[in-house]
Amino acid sequence: MAVRVGVLGATGAVGQRLIQLLDPHPDFEIAALTASDSSAGKSYRQAAKWRVEGPIPDDVAETTVSATDPDEVPDDVDLLFSSLPSSVGSEVEPAFCEAGYVMSSNSSNARMADDVPLVIPEVNADHLDLLEVQRDERGWDGAMVKNPNCSTITFVPTLAALADYGLEKVHVATLQAVSGAGYDGVSSMEIIDNAIPYIGSEEDKLETESRKLLGEFDGAELSHDGVEVAASCNRIPTIDGHLENVWVETDEDLSPEDAADAMASYPSLELRSSPDQLIHVFDEPDRPQPRLDRSLGDGMAVAAGGLRESSFGLQYNCLAHNTIRGAAGASVLNGELLLENGYL
Ligand SMILES: NC(=O)C1=CN([C@@H]2O[C@H](COP(=O)(O)OP(=O)(O)OC[C@H]3O[C@@H](n4cnc5c(N)ncnc54)[C@H](OP(=O)(O)O)[C@@H]3O)[C@@H](O)[C@H]2O)C=CC1
Ligand SMILES: N[C@@H](CC(=O)OP(=O)(O)O)C(=O)O
């Protein structure tokens with residue numbers, strides 16, 4: 001029987017992607033949609049400005065949107081996907097977990113909390129057991145797992161593939177699509193014929209979340225990895241797909257050929273939304289590119305290319321679809337991991 005799920009922030013850009021992924025999902029059934037008080041009481045069709053490709057699923061379109069309040073979500077909903085603004089998430093997500101709901105959240109609040117697992121299933125699925133510590137410490141029947149920032153999700157799988165060579169220092173420069181800022185985030189006058197070398201708080205997220213993801217959980221505590229990460233984040237006028245330039249210094253010698261093998265053979269998982277191949281490695285020096293490569297693995301794969309030696313160690317480019325692998329798809333994958341691990 002399908003697990004009954006709800007979407008918090010269902011009318012937003014990421015909420016719409018969540019609905020696209022959850023509506024046909026064989027293990028999940030959408031049973032609640034929430035948004036702000038101004039949307040509550042309206043049908044989803046009235047409340048949401050639907051901006052993703054394809055129509056609103058019929059059953060979703062006529063569902064009444066609720067306020068984002070634990071009392072408004074039916075008790076028989078077992079799993080919530082949250083795509084709320086982080087300022088709202090920090091207020092309301094803990095209340096849902098306290099009320100007994102298990103939550104897979106995409107919002108950035110609490111990602112770095114010691115007792116909150118920050119998970120990319122292919123990289124650190126074992127961190128999910130931090131939920132036992134979380135429940136002990138917070139006295140929750142529910143639970144909260146987070147996925148990382150979309151730019152973090154793009155480069156961390158490639159680092160995980162190289163971890164056996166001993167990661168020392170990483171430099172990463174991003175070229176981020178406008179959808180990452182949300183529909184109203186960057187105006188056309190700002191971004192057309194332009195690039196903006198600043199995205200608020202983004203660099204810190206890449207530098208800190210990556211070390212948490214690559215850290216070790218000993219069953220009681222999570223230690224962050226010691227790799228040094230420096231990030232520079234830029235907004236460019238693509239619609240979807242974050243492209244990143246990465247330089248990696250390792251303890252052991254690492255040739256571009258060995259790095260390509262390590263990435264191409266890095267295992268995917270057998271969760272429903274896992275891509276068959278997690279990291280696609282291109283031989284062509286001008287790939288990956290956002291428009292051509294963001295939909296690999298239905299938007300759930302990572303692409304890498306341009307692997308070469310540089311005076312700062314190995315250099316390469318990587319790419320992922322920011323609103324699928326980097327946001328909604330990442331939350332769904334964590335939901336599937338929660339299901340597989342008996343948390344639902
Ligand atoms: N866009 C992207 O690519 C990515 C976004 N994220 C993160 O995901 C989250 C959502 O982003 P995005 O979908 O772009 O944001 P949007 O602004 O498009 O959507 C926000 C959603 O939250 C609801 N909401 C806003 N204020 C409140 C409130 N006070 N109480 C309850 N619900 C509220 C909105 O409802 P209403 O329609 O009624 O206003 C809407 O459903 C953010 O934390 C963002 O940082 C992460 C990665 C990528
Ligand atoms: N800041 C990201 C999107 C985002 O909302 O990230 P986060 O989930 O860390 O808030 C971007 O601009 O592309």
Side-chain angles (χ1 to χ4, degrees), residues 12-14 17 83 85-87 89 106-112 118 120 123 146-160 162 167 169-214 224-225 227-249 288-291 293-294 299 302-306 310 312-331:
V14 177
R17 282 277 182 215
S83 59
S86 56
S87 55
N106 174 61
S107 305
S108 61
N109 52 288
R111 280 189 191 143
M112 296 304 294
L118 180 69
I120 301 174
V123 171
K146 293 273 169 177
N147 59 259
N149 167 280
C150 40
S151 292
T152 309
I153 293 182
T154 302
F155 81 118
V156 166
T158 63
L159 295 184
L162 304 177
L167 300 170
K169 288 185 182 173
V170 175
H171 292 81
V172 53
T174 69
L175 298 94
Q176 299 184 212
V178 292
S179 60
Y183 200 85
D184 298 320
V186 187
S187 74
S188 52
M189 284 296 281
E190 276 179 287
I191 199 67
I192 293 174
D193 186 29
N194 206 7
I196 302 171
Y198 174 74
I199 301 175
S201 305
E202 196 81 351
E203 294 173 355
D204 182 61
K205 288 177 185 173
L206 271 71
E207 291 167 3
T208 56
E209 292 177 11
S210 55
R211 298 177 67 219
K212 182 172 180 180
L213 288 156
L214 295 168
H224 296 203
D225 194 83
V227 61
E228 289 179 60
V229 182
S232 168
C233 294
N234 303 278
R235 184 77 68 200
I236 60 158
T238 46
I239 299 286
D240 284 317
H242 288 353
L243 177 64
E244 305 184 356
N245 311 129
V246 187
W247 292 258
V248 181
E249 292 176 48
Q289 298 179 16
R291 189 150 45 86
D293 302 316
R294 62 193 169 208
V302 172
S310 80
F312 294 101
L314 176 75
Q315 182 176 352
Y316 59 93
N317 310 312
C318 58
L319 170 89
H321 195 301
N322 55 302
T323 60
I324 302 180
R325 169 46 86 161
S331 292

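Both backbone and side-chain heavy atoms feed into the values below; hydrogens, waters and symmetry mates do not. We number each residue from 1, following the sequence as shown. Here the structure is a predicted model, which means the values were calculated and not measured.
- Side-chain contact between Leu319 and Pro290: present, with at least one pair of heavy atoms (C-beta onward) separated by less than 4.5 Å.
- In this structure, Arg325 does not pair ionically with Asp240, as no charged nitrogen and carboxylate oxygen lie closer than 4.0 Å.
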Worksheet item: Going through the distances and angles, do Thr174 and Leu243 end up as a side chain to side chain contact (heavy atoms under 4.5 Å, CB included)?
Response: CA-CA 6 Å; Thr174 69; Leu243 177 64; over 6 Å; no
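- Atom SG in Cys150 sits 5.5 Å away from atom CD in Glu202 (nearest 0.5 Å).
- Looking at Asn234 and Ile196, their side chains never come closer than 4.5 Å, going by heavy atoms from C-beta outward.
- Residues Thr158 and Tyr316 meet the side-chain proximity criterion, which asks for heavy atoms closer than 4.5 Å.
- The closest side-chain donor-acceptor pair between Asn245 and Gln315, if any, does not fall under 3.5 angstrom.
- His321 and Gly299 make their closest contact through CB-O, 3.6 Å (heavy atoms, listed as atom of the first residue, atom of the second, distance).
- Inter-residue side-chain proximity for Thr238 and Leu175 is flagged as unmet; no heavy-atom pair is nearer than 4.5 Å.
- Between the CG atom in Asn149 and the OG atom in Ser201 there is a gap of 10.0 Å [rounded to 0.5 Å].
- Using modelled atom types, no side-chain atom of Glu244 and backbone atom of Val172 make a donor-acceptor pair closer than 3.5 Å.
- Of all the heavy atoms in Val302 and Ala320, the pair that sits closest is CG2-CB, 4.4 Å.
- What you find for Ser108 and Ser86 is that their closest heavy atoms are OG-CB, 3.3 Å.
- The salt bridge (Lys or Arg N to Asp or Glu O under 4.0 Å) check on Lys146 picks up Glu93, with sequence neighbours excluded.
- Atoms CG and OG1, from Leu206 and Thr152 in turn, are 4.0 Å apart once rounded to the nearest 0.5 Å.
- Judged as a side chain to side chain contact (heavy atoms under 4.5 Å, CB included), and not counting sequence neighbours, the contacts of Glu228 are Lys169.
- Of all heavy-atom pairs spanning Pro288 and Ala304, the tightest one is CD-C, 3.7 Å.
- For the atom pair Leu213 CG and Leu159 CG, the distance stands at 10.0 Å (nearest 0.5 Å).
- Side-chain contact between Leu314 and Leu162: present, with at least one pair of heavy atoms (C-beta onward) separated by less than 4.5 Å.
- Residues His242 and Ser151 approach most closely at CD2-OG, 3.3 Å, considering heavy atoms.
- A distance-only check finds a donor-acceptor pair linking the side chain of Arg235 to the backbone of Ala177 [under 3.5 Å].
- Panel note: side chain Arg211, backbone Val227; a donor-acceptor pair is recorded below 3.5 Å.
- Using a distance-only test at 3.5 Å, with no hydrogens or angles considered, a donor-acceptor pair links the side chain of Arg111 to the main chain of Asn147.
- Within the 4.5 Å cutoff, side-chain heavy atoms of Cys318 are placed close to those of Val246.
- Side-chain N or O atoms of Ser310 include one that pairs as donor or acceptor with a backbone N or O of Gly313 at under 3.5 Å.
- Asn322 and Ser179 share a side-chain donor-acceptor pair at under 3.5 Å.
- Between Gly306 and Asn317, the shortest heavy-atom contact is CA-ND2, 4.3 Å.
- Between the side chain of Gln176 and the main chain of Cys233, no donor-acceptor pair closer than 3.5 Å is present.
- Ile192 CD1 to Ser187 OG: the interatomic distance, rounded to the nearest 0.5 Å, is 8.5 Å.
- Side chains of Arg17 and Ile324 form a contact here, defined as non-hydrogen atoms less than 4.5 Å apart.
- If you take CZ on Arg294 and OG1 on Thr323, they are separated by 9.0 Å, rounding to the nearest 0.5 Å.
- Tyr183 pairs by the side chain to side chain contact (heavy atoms under 4.5 Å, CB included) definition with Arg51, not counting sequence neighbours.
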